[in-house]
Visitor: 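Questions regarding the structure given below will be posed in turn.
No experiment lies behind these values; they were computed from the predicted model shown. Chain letters run A, B, ... following the sequence lines, proteins first, then strands; residues in each count from 1.
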Amino acid sequence: MHARKPNALFVLPIATPDGVFVAAYSANGLAGLEFPSAVKRAKTRSAKKGITSRVRRWHAATSKALRAALAGRTPPTLPPLDCSSGTRFQRRVWNALRKIAPGKTRSYAEIAKGIGKPKAVRAVGGACGANPIPVLVPCHRVLAANGRLGGFSGTPAWKKTLLAREGAPFRA
DNA sequence: TAAGTGCGTCGTT
DNA sequence: AACGACGCACTTA
């Protein structure tokens, strides 16, 4: 219904073996995470000034968590997540995603059932696609009912890579 | 088996 | 009113 903007105050880069991710922070926590993209490298330099120690702490946590996740390990601690950009329904889906352990997968239908809306299967797919914090909010662990990958807002290659690194099974 | 079609369903725009 | 990161039933080959 009401979709507040993430209201990102700080946009900071995270260097990883897979490239430079970009994290966005609002006053409430991590509000966005983007996969490496050659195009937007320049933009991240600007907002370095005026960073609070709080955001610095969050960013350290995000960086550490991201690198762990990319290595297929369980992230130690996450910064507070600001999912206020999402609708009620989307937040419920994202919350369900966070309960899927590394190496495990669920189907879109299982997620739908899990949030008490067994018929909203397709809408769950939409909510996954709207996930502002991929990798750390593990939308990649949601597969089609037949065990195949299903879609991904990033490249399908990323979804495959993330699953493979944490040892999650999926049909080629 | 594999691949393609049609349709129910529902949150979002 | 139209559109999906779906799922299922049901053809065809």
Visitor: Whole Å only: how far is the CZ atom of A:Phe170 from the C1' atom of C:dA5?
Guide: 15 Å
Visitor: Going by heavy atoms closer than 4.0 Å, what residues in residues 107-128 of chain A are next to DNA chain B?
Guide: A:Lys117, A:Lys119, A:Ala120, A:Arg122, A:Ala123
Visitor: Keeping A:Arg148 on the side-chain end and A:Phe170 on the backbone end, is there a donor-acceptor pair under 3.5 Å?
Guide: no
Visitor: So, A:Glu166 and A:Arg73, do they make that salt bridge, N to O below 4.0 Å?
Guide: no
Visitor: With both distances under 3.5 Å as the test, what is the Watson-Crick or G-U wobble partner of B:dG11?
Guide: C:dC3
Visitor: Output yes when a side-chain donor or acceptor of A:Arg67 lies under 3.5 Å from a complementary backbone atom of A:Ala15, and no otherwise.
Guide: yes
Visitor: Ring-plane angle category for A:His59 and A:Tyr25, please: parallel below 30°, perpendicular beyond 60°, tilted otherwise.
Guide: perpendicular
Visitor: To the nearest 0.5 Å, how far apart are CG in A:Leu163 and CZ in A:Arg141?
Guide: 8.0 Å
Visitor: Whom does B:dT5 pair with, Watson-Crick or G-U wobble, provided both distances fall under 3.5 Å?
Guide: C:dA9
Visitor: Which residues in residues 140-150 of chain A have at least one heavy atom lying under 4.0 Å from any atom of DNA chain B?
Guide: none
Visitor: Check whether any side-chain N or O of A:Asn131 sits under 3.5 Å from a backbone N or O of A:Trp94 as a donor-acceptor pair, and report yes or no.
Guide: no
Visitor: Measure the distance from CG on A:Asn131 to C1' on B:dG11 and round it to the nearest whole Å.
Guide: 16 Å
Visitor: Would you kindly give the CZ-to-C1' distance between A:Phe152 and C:dG4, to the nearest whole Å?
Guide: 17 Å
Visitor: How are the rings of A:Phe21 and A:Trp158 set to each other: parallel, tilted or perpendicular (split at 30° and 60°)?
Guide: perpendicular
Visitor: Starting at CZ of A:Arg106 and ending at P of C:dG7, how long is that distance when rounded to a whole Å?
Guide: 14 Å
Visitor: For the CD atom of A:Glu34 and the CD1 atom of A:Ile14, what is their distance to the nearest 0.5 Å?
Guide: 11.5 Å
